[in-house]
Amino acid sequence: MSKNKIESKREREKQTVSLMISIYCRKNHGSGKTLCPECRDLKNYAMMRSEKCPFMETKAFCSNCTVHCYKPEMREKIREVMRFSGPRMILYHPIMAVRHVIEMKKEKKRLSQNQSGDTVRKGKANE
């Protein structure tokens, strides 16, 4: 993957996470256009983690990554944000939401193919 594609993917991920955090904050903390301090900290943390991610070329979603670089409390917060904001994304940014669903389906298919391939290889190794 070219450096431009990786950076484009990184920026798209940052935009998606930012939007999800702003939806969450607006609906749960009553903030207007600005984030509350807690959500601002979460956003800054997520941006930093995304910026430093060494697996950006190959990963689709942090939840499927073999290395979880988020601190446990931040990981729980981002999960809460995603659970809340994910279903609402279609109302706020339908194109981004549809793209996310398509990428998620592709990732699930890729992971299931990898697992079935591992099972076949392991089975042959045990024969």
Side-chain angles (χ1 to χ4, degrees):
M1 188 179 277
S2 75
K3 189 170 178 101
N4 285 343
K5 284 187 179 184
I6 294 169
E7 287 309 311
S8 173
K9 183 178 176 183
R10 189 181 313 272
E11 286 307 311
R12 202 168 47 247
E13 182 176 293
K14 287 179 180 180
Q15 288 174 345
T16 303
V17 170
S18 289
L19 179 61
M20 292 179 105
I21 292 171
S22 66
I23 292 169
Y24 177 85
C25 190
R26 193 173 328 125
K27 298 294 184 181
N28 288 282
H29 302 146
S31 66
K33 293 184 180 188
T34 60
L35 298 175
C36 73
E38 180 184 353
C39 290
R40 188 175 49 246
D41 290 346
L42 179 61
K43 178 184 173 188
N44 290 339
Y45 184 81
M47 297 301 110
M48 181 205 42
R49 297 306 335 161
S50 182
E51 195 59 45
K52 294 183 179 199
C53 178
F55 304 108
M56 189 57 68
E57 184 175 352
T58 57
K59 78 171 180 101
F61 298 102
C62 292
S63 60
N64 296 332
C65 191
T66 56
V67 177
H68 296 294
C69 61
Y70 276 56
K71 293 186 279 185
E73 65 272 9
M74 293 302 237
R75 190 167 179 213
E76 191 52 43
K77 285 181 186 179
I78 201 73
R79 271 190 186 143
E80 186 179 330
V81 166
M82 302 244 172
R83 271 189 229 118
F84 179 86
S85 299
R88 291 163 176 82
M89 285 284 288
I90 197 78
L91 301 172
Y92 293 92
H93 204 301
I95 294 170
M96 193 181 288
V98 169
R99 182 183 296 139
H100 186 73
V101 169
I102 291 168
E103 288 176 10
M104 193 168 36
K105 297 258 187 215
K106 284 181 185 177
E107 177 69 1
K108 283 184 179 180
K109 183 177 180 180
R110 185 184 69 79
L111 287 173
S112 69
Q113 287 174 345
N114 285 349
Q115 287 175 346
S116 65
D118 288 346
T119 304
V120 170
R121 274 184 243 124
K122 286 177 185 174
K124 288 182 179 179
N126 292 334
E127 290 177 353

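Start at 1 with the first residue, then count along the sequence. No hydrogens, no waters, no symmetry mates; every other heavy atom, side chains included, goes into these values.
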Intermediate values then yes/no, side chain to side chain contact (heavy atoms under 4.5 Å, CB included), Met74 and Leu42: CA-CA 7 Å; Met74 293 302 237; Leu42 179 61; 4.1 Å; yes
Side-chain touch Leu35/His29, heavy atoms, less than 4.5 angstrom: no
CE on Met89 to CZ on Phe84, rounded to 0.5 Å: 13.0 Å
Validation row: Ile21, Ile78 side chains within 4.5 angstrom (heavy atoms): yes
NZ-CZ distance between Lys14 and Arg49, expressed to the nearest 0.5 angstrom: 12.5 Å
Nearest heavy atoms of Ser18 and Lys43, plus distance in Å: OG-CE, 3.2 Å
Lys108 and Met104, any side-chain heavy atoms less than 4.5 Å apart: yes
Within-4.5 Å side-chain heavy-atom neighbours: Lys71 and Lys77: no
Nearest heavy-atom neighbours spanning Cys36 and Cys25: N-SG, 3.3 Å
SG on Cys53 to CE on Met48, rounded to 0.5 Å: 12.0 Å
Side chain to side chain contact (heavy atoms under 4.5 Å, CB included) between Arg79 and Arg83, worked out: CA-CA 6 Å; Arg79 271 190 186 143; Arg83 271 189 229 118; 3.6 Å; yes
Enclosure of Ile95 CD1 (heavy-atom neighbours >12, cutoff 6.0 Å): no
Inter- and intrachain pairs under side chain to side chain donor-acceptor pair (under 3.5 Å), touching residues 90-101, at least two apart: Lys27-Tyr92
Side chain Arg26, main chain Lys33, donor-acceptor under 3.5 Å: no
Side chain Ser112, main chain Lys109, donor-acceptor under 3.5 Å: yes
Step-by-step salt bridge (Lys or Arg N to Asp or Glu O under 4.0 Å) determination, Lys106 to Glu103: CA-CA 5 Å; Lys106 284 181 185 177; Glu103 288 176 10; over 6 Å; no
Audit row: Leu19, Gln15, side chain to side chain contact (heavy atoms under 4.5 Å, CB included) steps and yes/no: CA-CA 6 Å; Leu19 179 61; Gln15 288 174 345; over 6 Å; no
N-O pairing of Glu7 and Arg12 below 4.0 Å: no
Basic-acidic side-chain contact under 4.0 Å: Arg10, Glu13: no
Flag side-chain contact, heavy atom, 4.5 Å: Asn28 against Val81: no
No-hydrogen, no-angle side-chain donor-acceptor test under 3.5 Å, Glu80 and Tyr24: yes
Verify same cluster id: Leu91, Met20 (apolar side-chain graph, 4.5 Å): yes
